[in-house]
Number of protein chains: 2
Amino acid sequence: MTNKSNDPDHPGTEAHRPRSFAGRPATITDVAREAGTGKTSISRYLNGETGVLSRDLLGRIEAAIAKLDYRPNQMARGLKRGRNRLIGMLLADLTNPYSVEVLQGVEAACHALGYMPLICHAANEVDMERRYLQLLTTYRVEGVIVNALGVKEELLQGFTHGGIPVVLVDRTVEGIVTDMVGLDNPAAVALATRHLVDEGFDELLFIVQPVTHVSSRRLREAAFRETVASLRASGSTLVIDLASAASALAELDERIDAARAAGKRVALFAANGPVALRVAVHLKERFGTNWQASVALLAIDDSEWAQLAGMTAVRQPTYEIGRRAVEFLHERLGGAAMPARECLLPGELIVRGSTHCAVPEQAQLPSQGL
Amino acid sequence: MTNKSNDPDHPGTEAHRPRSFAGRPATITDVAREAGTGKTSISRYLNGETGVLSRDLLGRIEAAIAKLDYRPNQMARGLKRGRNRLIGMLLADLTNPYSVEVLQGVEAACHALGYMPLICHAANEVDMERRYLQLLTTYRVEGVIVNALGVKEELLQGFTHGGIPVVLVDRTVEGIVTDMVGLDNPAAVALATRHLVDEGFDELLFIVQPVTHVSSRRLREAAFRETVASLRASGSTLVIDLASAASALAELDERIDAARAAGKRVALFAANGPVALRVAVHLKERFGTNWQASVALLAIDDSEWAQLAGMTAVRQPTYEIGRRAVEFLHERLGGAAMPARECLLPGELIVRGSTHCAVPEQAQLPSQGL
DNA sequence: TTGTACGCGTTATCAC
DNA sequence: GTGATAACGCGTACAA
């Protein structure tokens with residue numbers, strides 16, 4: 001099984017193939033042999049323990065590494081060390097730009113701290129989540145960042161009991177106390193709701209997906225009702241299941257009509273980006289391309305199309321959320337043993353035309369709406 | 001996932017910590033000891049070599065595994081076996097829905113074939129791409145799927161020379177001959193261009209990002225010109241750099257005005273989703289919310305907002321692209337030694353209002369456009 | 001049918 | 001300064 005790639009008596013041969021020989025990547029042993037030394041010195045060099053090595057040996061090592069194009073095997077390294085610099089990142093839905101943006105923060109932070117994110121995309125399937133969670137333990141990730149929908153207490157206990165730190169993103173999980181980072185939902189919702197009221201809308205309709213086990217949805221809905229109450233405004237909630245939205249959309253139409261018939265200026269408040277898109281598409285089908293003039297729409301999540309639609313939105317500090325999640329994990333991995341933390345970041349209201357100035361007579365008449 | 005608590009002589013104690021003992025995950029040795037047997041039998045059980053094991057032993061093994069909540073260490077397994085079931089997936093830009101959709105195909109196929117995708121997101125940064133490519137070799141992935149922008153021959157040679165199969169997605173890389181899967185660009189562009197001409201548009205403007213080193217962009221642009229020529233239509237190309245789009249957009253305005261002044265019915269053809277969005281936002285700023293009535297827009301990539309904007313688009317078989325990429329890789333990993341293949345999948349034209357019937361007098365007059 | 005011994009690539013320990 | 005050698009967790013001849 002020895003290979004000593006190309007000995008001095010065959011110079012120039014295989015010059016274009018720096019690797020040991022066939023397919024197999026060079027190992028630390030290959031490098032040691034090539035440099036005429038033992039594995040220990042190579043390992044020392046790799047781990048930055050220079051200064052302990054003689055000038056001469058150091059040069060030989062570098063030459064050998066370059067010649068063989070050697071890269072240390074992270075798997076073996078992890079096996080020995082007990083840690084492989086892998087951290088798991090479970091995402092419920094990459095179709096949601098929110099997830100992608102958080103991911104970018106996570107990646108940047110990992111990059112900076114020397115971790116490698118093992119990204120798992122559940123694609124909204126609960127079994128996938130379970131399966132991926134299993135896989136993550138199998139690959140011995142050092143920690144996990146979780147943003148999922150169906151994850152229950154039991155699934156995460158495998159990690160917490162195993163001493164593997166878990167950081168939750170956007171939503172909490174019942175029965176699990178651990179670090180969490182996400183949007184300050186109450187503040188964000190209050191901000192947006194106040195904006196609608198300030199602009200003169202007097203019938204608010206909050207539209208949200210089924211809140212089952214997704215804490216952020218529950219929090220947003222609750223915050224909406226509280227704010228509406230505290231402002232003595234009129235508002236209600238509509239639950240929509242994106243998988244089968246027909247009935248909810250019909251209900252939506254009715255409520256809009258009813259409010260208008262009562263002379264109210266109605267504004268729709270979508271609890272997140274996907275909901276907003278579904279609603280917007282529906283409004284466009286009903287009111288035509290100029291639907292914006294007929295009904296106001298605001299959303300949490302500043303989707304890429306929000307600018308195109310001129311929709312007011314609450315921008316989440318997504319990048320920062322991802323960054324902080326990794327930082328939390330890093331601290332835990334460093335041995336920090338503090339109680340579970342909760343990091344709630346503020347959202348930013350981006351005002352666009354969709355919620356601008358609801359003066360009743362002006363917007364209604366010239367439009368062909370309804 | 002029940003874990004029959006613990007042994008009979010300590011009932012109730014530590015019921016909440018099924019793992020071996022302290023944080024450390026159980027090893028195969030622990031299981032062997034627990035089951036009162038050797039590691040070999042455990043290994044056999046894990047690899048499905050049942051039937052070779054006695055009824056009794058099998059039961060003990062299952063019990064031990066459940067009790068210790070044992071999960072084989074993929075790292076160690078990979079180290080020994082020489083393959084760790086990891087395949088690298090390098091993506092240029094997850095912000096582009098195209099990438100996410102391809103990814104979903106990749107994940108599903110990996111899932112089905114027993115691989116674990118190691119997802120690397122370069123976020124449009126060339127150094128990131130290089131760095132991730134390094135990391136992938138470091139983690140000894142068995143194969144790579146690459147969809148990147150700045151990747152050059154040399155970077156990929158590390159894999160090909162190392163005998164690690166590479167599959168390219170959407171674009172080829174100069175100097176690298178290897179499996180590739182993507183859209184049938186010539187056919188897709190021809191399809192869309194013909195549609196525009198059929199609908200009565202007689203001034204076509206193809207808008208594309210700088211084609212430097214991205215083969216798919218070049219192919220699309222070339223196909224556009226060829227089709228325009230073969231149809232004896234009038235068309236030109238505009239290059240836009242999304243990072244600094246101002247000048248290109250100004251140029252766009254001029255060309256639109258010129259064409260209109262000449263009595264032409266102009267249609268814009270965006271080479272991909274991100275370009276389409278940028279252009280659409282610009283058109284909206286210029287022509288107002290009803291910009292659709294003023295100028296036709298068509299794009300390759302059926303973005304999520306396309307339906308909202310009522311934009312005609314060419315839907316790429318993204319999911320299938322991802323699936324095929326993994327299949328190609330799987331075949332190579334199985335030892336298949338055929339020449340490099342190229343799999344070009346057809347796109348699907350989704351006709352929406354934006355390109356509907358360019359009868360000149362009807363669409364222009366009632367709109368307040370320009 | 002079951003157990004023993006060795007090696008995968010790396011790091012840690014302890015000699016020299 | 002440097003280099004053998006023993007683990008890390010697992011798979012696999014080979015022996016029993």
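As a basis for the values below, the full set of heavy atoms in this structure was taken, side chains included, without hydrogen atoms, waters or symmetry mates. Each chain gets a letter, A, B and so on, in the order the sequences are listed, and its residues count up from 1.
Among the atoms of the strands shown, base atoms are found under 4.0 Å from some heavy atom of A:Thr40. Among the protein residues, B:Ile42 comes within range of no part of the nucleic acid, since none of its heavy atoms lies under 4.0 Å from any strand. In this structure, B:Ser54 reaches the sugar-phosphate backbone alone: every heavy-atom distance under 4.0 Å involves primed, P, OP1 or OP2 atoms, never a base.
Distance check, rounded to the nearest 0.5 Å: CZ of A:Arg71 to CG of B:Leu135 gives 10.0 Å.
Between A:Thr29 and C:dG9, a side-chain N or O to OP1/OP2 separation shorter than 4.0 Å is absent. In terms of phosphate contacts, A:Asn47 brings a side-chain nitrogen or oxygen within less than 4.0 Å of OP1 or OP2 of C:dT11. Residue A:Ser41 has a polar side-chain atom (N or O) positioned under 4.0 Å from OP1 or OP2 of D:dG3. Applying the 4.0 Å criterion to OP1 and OP2 of C:dT10, one finds that A:Tyr70 has a side-chain N or O inside that range. Note on B:Thr27: every side-chain N or O is 4.0 Å or more away from OP1 and OP2 of D:dG9.
Closest of all the heavy-atom pairs between B:Leu79 and A:Ala76 is CD1-CB, 3.8 Å.
Rounded to whole angstrom, the span from the CG atom of A:Leu79 across to the P atom of C:dG7 amounts to 17 Å. Distance CZ (A:Arg77) to P (C:dC8): 19 Å, rounded to an integer number of Å. Atom CZ of B:Arg60 and atom P of C:dT1 are 14 Å apart (whole Å). Atoms OH (B:Tyr139) and C1' (C:dT10) sit 14 Å apart, rounded to a whole Å. A straight line from CD of A:Gln74 to P of C:dT10 spans 10 Å, rounded to a whole angstrom. As rounded to whole Å, 13 Å separates atom P of D:dG11 from atom CZ of B:Arg85. Going from atom CD1 of A:Ile28 over to atom P of C:dA12 covers 11 Å, rounded to whole Å. The distance between atom CZ of B:Arg44 and atom P of D:dC10, rounded to the nearest whole Å, is 16 Å.
Contacts classified as ring-ring contact (aromatic ring centres under 6.0 Å, His included) and involving residues 116-143 of chain A (residues at least two apart or in different chains) are not found.
Using a cut-off of 4.0 Å between Lys/Arg side-chain N and Asp/Glu carboxylate O, B:Arg130 and B:Asp127 are scored as not salt-bridged.
The number of heavy-atom neighbours closer than 6.0 Å to CD of B:Glu154, taken from other residues, nucleotides and ligands shown, is above 12.
Comparing B:Glu49 and B:Ala76 by the nucleotide of DNA chain D that holds the closest heavy atom to each, the one mapping nearer the 5' end is B:Ala76.
Interface remark: the A:Lys39 side chain does form a donor-acceptor pair with the C:dT10 base, using a distance-only criterion of under 3.5 Å. Between the side chain of B:Lys80 and the base of C:dG7 there is at least one donor-acceptor pair of N/O atoms closer than 3.5 Å.
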